[in-house]
Undergrad: 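Got a structure for you, written out below as structure tokens; questions coming shortly.
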Number of protein chains: 2
Amino acid sequence: MRAAGDDHNTGEVGIKDVAHRAGVSIGTVSNALNRPDRVSADTRARVRAVIDELGYVRSESARQLRAGHSRIVALLVLDIGNPFFADVARGAEQAAREQGVGVMMCNSAQDVEAESLYLSMFAEQRVRGVLVTPADTTGGSLASFRRHGIPYVFVDRVVDSHDSCSVSVDDVTGGRLAVRHLLEGGHAHVAYVSGPANLAQCEDRRVGARMATEEAGLDAEALTVLETDRLDVASGRDAGARLLGLRPRPTAVFCANDLLALGLLQAVFDAGMRVPEDLAIVGYDDIEFAEAAAVPLTSVRQPAVRIGTTAAEMLLSETEGEPDHAHESIVYQPELIVRRSTLPRRS
Amino acid sequence: MRAAGDDHNTGEVGIKDVAHRAGVSIGTVSNALNRPDRVSADTRARVRAVIDELGYVRSESARQLRAGHSRIVALLVLDIGNPFFADVARGAEQAAREQGVGVMMCNSAQDVEAESLYLSMFAEQRVRGVLVTPADTTGGSLASFRRHGIPYVFVDRVVDSHDSCSVSVDDVTGGRLAVRHLLEGGHAHVAYVSGPANLAQCEDRRVGARMATEEAGLDAEALTVLETDRLDVASGRDAGARLLGLRPRPTAVFCANDLLALGLLQAVFDAGMRVPEDLAIVGYDDIEFAEAAAVPLTSVRQPAVRIGTTAAEMLLSETEGEPDHAHESIVYQPELIVRRSTLPRRS
DNA sequence: ACGTCCGCATGAAACGTTTTACTAGAGCGA
DNA sequence: TCGCTCTAGTAAAACGTTTCATGCGGACGT
């Protein structure tokens, strides 16, 4: 706008420049910004005007230093490429914005080392709090994080500890819903394509799946478990190849994740099989791409955005004064969304 | 913080506690951390030991205040749900980590207001720099951001200005490749499903598409343009419905985005049409889900991760001393990945 | 007219680092 | 012994805010 080189001190303008120019003290400027009621209407206006004129921007570092903590919460997810976490992030961001705090989203990529690196960084930043989907199932990196006194909330991971809140979804029920649906569709031999078994989510879903077969009076043979290293599309393709080699071959598959399911779907198509006629598939998360798949995927929906908002709200309430904050664990119920990939074999 | 029971630490330990306990001055502790060579081996060891013992963690706010800028770069993307941007983020994160700086990823969701809100926040944070995919095509919010003196790099957006670097992909060529491929496949009437026309990417791809039809000696009628509000799956479905109503109906579609293409694919399937026999589809970005779609999608690949790393490197080099930094605009070339969704009509 | 309270504004003291200027001593050549 | 350099360490000054303890008139109640 103003190309005239009048104020060449770019970004250097501090609160004292404003004070000087407005003919008031530093403290008054600060008050005009933070407690407008303690300052008379016309000085307030004058200060505001000077601020605009000079393009003054508060230094968060200085505010933080004084306050002892920042206005940022961190969000550490397992996989930034998983749309489920993108939704969680959206929710968290929205809830955080309402309180004027920013969200810093980082990706541990299921790597324990990266996770602990990020946690140290958060500690140095004195972030207001951390939303974390832990990769380290032993809880080691978080145990050492706790001593910093920074509150954190577990996301998508139920936790019995009384040191923190958690927001999660009942994964056992989710697995049970999925497999019960398949059994009701007439399938007698189901495969469970799991991610890394040390992720609690995967394990819980397996337990639920097993529960469903038991309730149907089937024995352990009825549920074949295929484990994969990662919860992504490539692993799904890989699992698909393995699945096709199984004898007897299951007629239905429950995947721990929609990414796995999509990869598997692709592998199965490539092998010339039809879904759901030759193989029924259920995914998990109900990401957008599940419905958009050419054979729309039956999936267990988790309220991802809701999880994000709830987690952020809990975290903020924990830090926001709220002296009587009691840690709680919220567990949402999943919902089975039936689509074409599991149309019943016989109607 | 005066929890009576917990007498020791909890984040309260500062550099002076370390200094006192180790029997040295504050400055020496600082030196032991930042310039280990200026301190004798055994005091250094002693300081290190005390740091571990007390669980001391540097306060980034204080460091920033002194340094004048933070160790964080911001990444502001158009759509956090688009896997393309997830890849860009991965790249940026990786490059940043090598220099010990963190990445703060935020989502403007194509909303100009959110964008400018985030930019102010970045200014307050005195971030080291900003990687931005602008939603405001007029460049307004960035123009006012410039006066803060914080360097920024345009991502996925070519820019002729000499005030900043940019990393992008030649979208005109991308559009041209896509449509030329379709024309070579024997299609004479092609539709272009565009996102919001005020996004430069969409517009450039349209120009490229038009260029291809012209090169083939076709007139403007040969390219029907359908515009959508957003670059997501839902809009793709919507466009699919509109497309099916067109008379004469195009035999091939080029989508500005894989998300659009996937939505369109779904709509087309639902209408009982076959791909590519009844309709050929080309997407853009070559996200993972493009290959994983039941009809693997031909797509124009952009080196997303590379874009992220390059952008971050440019940004960091601009801030990292480098007094003779000359702004440059890197333009990558896109690559057409042919898959089943465009198998030639007659072989 | 006197004490009192109130509304506004002020100066100075934090907050926790990094960095600069300085010192005390040691080694050393002349 | 003197001067010189070198090493290891120190004290103090920033950095830009917020907040606390004051100050200073003037309006108010009596």
Undergrad: I'd like a list of close polar pairs between nucleotides 4-6 of chain C and the protein, N/O only, cut-off under 3.5 Å.
TA:
none

Undergrad: side-chain contact (heavy atoms from CB on, under 4.5 Å) with B/P303: which residues, sequence neighbours excluded?
TA: B/V169, B/R306, B/I307, B/Y332
Undergrad: When the distance from CD of A/Q64 to C1' of C/dA14 is rounded to whole Å, what number comes out?
TA: 17 Å
Undergrad: If the condition is salt bridge (charged side-chain N to carboxylate O under 4.0 Å, His left out), which residues does A/D156 pass it with, not counting sequence neighbours?
TA: none
Undergrad: With hydrogens left out and only the distance checked, is there a donor-acceptor pair under 3.5 Å joining A/R38's side chain and the base of C/dA9?
TA: no
Undergrad: Return the value, rounded to whole Å, for the distance between atom CD of B/E60 and atom P of C/dT17.
TA: 11 Å
Undergrad: Expressed as a whole number of angstroms, how long is the span from A/Q125:CD to C/dT17:C1'?
TA: 14 Å
Undergrad: Starting at atom CG of A/D37, determine the distance to atom C1' of C/dA9, rounded to an integer number of angstrom.
TA: 14 Å
Undergrad: Counting any heavy atom closer than 4.0 Å, what does A/T43 reach on the DNA or RNA strands: base, sugar-phosphate only, or nothing?
TA: sugar-phosphate
Undergrad: By the 4.0 Å heavy-atom rule, please label A/V18 as base, sugar-phosphate, or nothing.
TA: nothing
Undergrad: Taking atom types as modelled and ignoring hydrogens, do the side chains of A/S70 and A/Q64 form a donor-acceptor contact shorter than 3.5 angstrom?
TA: no
Undergrad: A/H20: what forms a side-chain contact (heavy atoms from CB on, under 4.5 Å) with it, not counting sequence neighbours?
TA: none
Undergrad: Quick check on contacts: within residues 26-34 of chain B, what sits under 4.0 Å from DNA chain C by heavy-atom distance?
TA: B/I26, B/G27, B/S30, B/N34
Undergrad: Under the 3.5 angstrom rule, does the side chain of B/D17 hit a backbone N or O of B/G14 as a donor-acceptor pair?
TA: yes
Undergrad: I'd like the 5' and 3' limits of the part of DNA chain D contacted by chain B, with heavy-atom contacts below 4.0 Å.
TA: D/dA8 to D/dG16
Undergrad: Take atom CG of A/D42 and atom C1' of C/dA9, then tell me their distance rounded to the nearest Å.
TA: 12 Å
Undergrad: Taking the side chain as C-beta and beyond, is there a heavy-atom pair between A/I15 and A/R58 under 4.5 Å?
TA: no
Undergrad: Classify the nucleic acid contact of A/R44 as base, sugar-phosphate or nothing, counting any heavy atom under 4.0 Å across all strands shown.
TA: nothing
Undergrad: Students often mix this up, so state it plainly: with edges at 30° and 60°, are the rings of A/F154 and A/Y152 parallel, tilted or perpendicular?
TA: perpendicular
Undergrad: Five pairs at each end of the helix from C/dA1-D/dT30 to C/dA30-D/dT1: take the axis at both ends and give me the angle between them to 10°.
TA: 50°
Undergrad: Please name all residues satisfying salt bridge (charged side-chain N to carboxylate O under 4.0 Å, His left out) with B/R21, sequence neighbours left out, ordered by chain then number.
TA: B/E53
Undergrad: Measure CG/B/L65 against C1'/C/dT18 and give the value in whole Å, please.
TA: 10 Å
Undergrad: Could you check if a side-chain atom of A/F85 sits within less than 4.5 angstrom of a side-chain atom of A/R90, using non-hydrogen atoms only?
TA: no
Undergrad: Rounded to whole Å, how long is the line connecting atom CZ of A/R66 with atom C1' of C/dA12?
TA: 11 Å
Undergrad: Please examine the side chains of A/M121 and A/V127, heavy atoms only from C-beta on, and report whether any two atoms are closer than 4.5 Å.
TA: no
Undergrad: Return the set of residues passing salt bridge (charged side-chain N to carboxylate O under 4.0 Å, His left out) with B/D136 (not counting sequence neighbours), or none when no residue passes.
TA: none
Undergrad: Name all residues meeting the side-chain contact (heavy atoms from CB on, under 4.5 Å) criterion together with A/A96; count only those two or more places apart in sequence or in a different chain, and write none if there are none.
TA: A/V101, A/V103
Undergrad: Could you work out, with side-chain contact (heavy atoms from CB on, under 4.5 Å) as the rule, every residue matching B/S168, not counting sequence neighbours?
TA: B/V158, B/V331
Undergrad: Tell me every residue that passes salt bridge (charged side-chain N to carboxylate O under 4.0 Å, His left out) with A/R63, counting only those two or more places apart in sequence or in another chain.
TA: A/E60
